[in-house]
Protein chains: 2
Amino acid sequence: MVQYKRYVDASFAALSDATRRGILERLGRSDASITDLAGEFQMTLTGMKKHVGVLERTGLVTTEKVGRVRTCRLGPRRLEAEAAWIESYRRLWEARFDELDKIVADLKRTDASLHDKNPK
Amino acid sequence: MVQYKRYVDASFAALSDATRRGILERLGRSDASITDLAGEFQMTLTGMKKHVGVLERTGLVTTEKVGRVRTCRLGPRRLEAEAAWIESYRRLWEARFDELDKIVADLKRTDASLHDKNPK
DNA sequence: TTTATACTGAACCATGTGGTTCAGTATACG
DNA sequence: CGTATACTGAACCACATGGTTCAGTATAAA
């Protein structure tokens, strides 16, 4: 459970970087080597390796080294827990604002009846 | 567009901390002061103020100070862009793996016909 | 065997993060 | 008035992040 939370932490953190989101989108089109990715995102190999490492640690990317080249592909994680958290938050948000609407409506009613009884 | 990306960056970063996700869930139940939140999440007022500041900057929380107390409530942002990104990623992931399945199927077919022509 | 390619790791750097303490300010209460 | 409450800002801390350079190692190609 704590472990679960940490995974969500790590995934959201991984997604908070535009380059890493770009890498995921890129790997959605086709697999790529570190050199490919470094070229496309204008970064040193070392820099790209680090980003791939972050994505790999969260399970969003897997890699395999054959000869000199390390091929990167989308990993097994599908952001289910993250999608679920966001969806449940959105429902919470709706519920909360419905509730506030009700309170506002009540206030308006009270206000109206005050005006009825005590206009001024 | 760049600005849009930065907002997504900031939201995902804000969500990468379990305490901040907890604060959002808590505020979904009812509004709360900094003192309330600091007590519930066992943290100093200053520490909590910082978390609220992060959430406020991303629009996930709004606050209003009346007298001595600052009341925090859920803000206008509903994580639409973030939910959309994750959903589109999940579709990409499905498509990519369907494609890989097809490749594997092709390989199996080729392999089978090789066996037909050249059993060994 | 030499040379070029592809990656890797260590070390460094500036900046950000998640937390603290301490010293305030502003407001409410008696 | 004096005192307690609620927050705020500055400063500090250890550590993480996003990037770099530089010096390797391992493999492929000529």
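Just so we're on the same page: letters track the sequence lines, and every chain starts at 1.
Taking 4.0 Å as the cut-off between side-chain N and carboxylate O, B/Glu94 and B/Arg91 do not count as a salt-bridged pair. A salt bridge does not link A/Arg70 with A/Asp31: none of the charged nitrogens is closer than 4.0 Å to a carboxylate oxygen. Salt bridge B/Glu40/B/Arg26: present, at least one basic N to carboxylate O contact under 4.0 Å. Using a cut-off of 4.0 Å between Lys/Arg side-chain N and Asp/Glu carboxylate O, A/Lys49 and A/Glu56 are scored as not salt-bridged.
Summarising the geometry, the separation between CZ on A/Phe41 and P on D/dG19 is reported as 11 Å, rounded to the nearest angstrom. Distance, B/Ile34 CD1 to D/dT5 C1': 14 Å, rounded to whole Å.
No donor-acceptor pair under 3.5 Å is formed between the side chain of B/Arg78 and the backbone N or O of A/Arg90. Judged by distance alone, the side chain of B/Arg73 and the main-chain N or O of B/Thr62 form no donor-acceptor pair under 3.5 Å. Remark: side-chain polar atoms of B/Arg77 are not paired, donor with acceptor, to backbone N or O of B/Val61 under 3.5 angstrom.
Near-neighbour residues of DNA chain D inside residues 56-72 of chain A, defined by a heavy atom below 4.0 Å, number-ordered: A/Gly67, A/Arg68.
Cluster annotation: B/Trp85 is not connected to A/Val54 through the hydrophobic network of ILVMFWY side chains, with a link wherever side-chain heavy atoms come within less than 4.5 Å.
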Nucleotides 18-25 of chain C: protein proximity per nucleotide (B base, S sugar-phosphate only, - neither; heavy atom, under 4.0 Å): SBBBB---
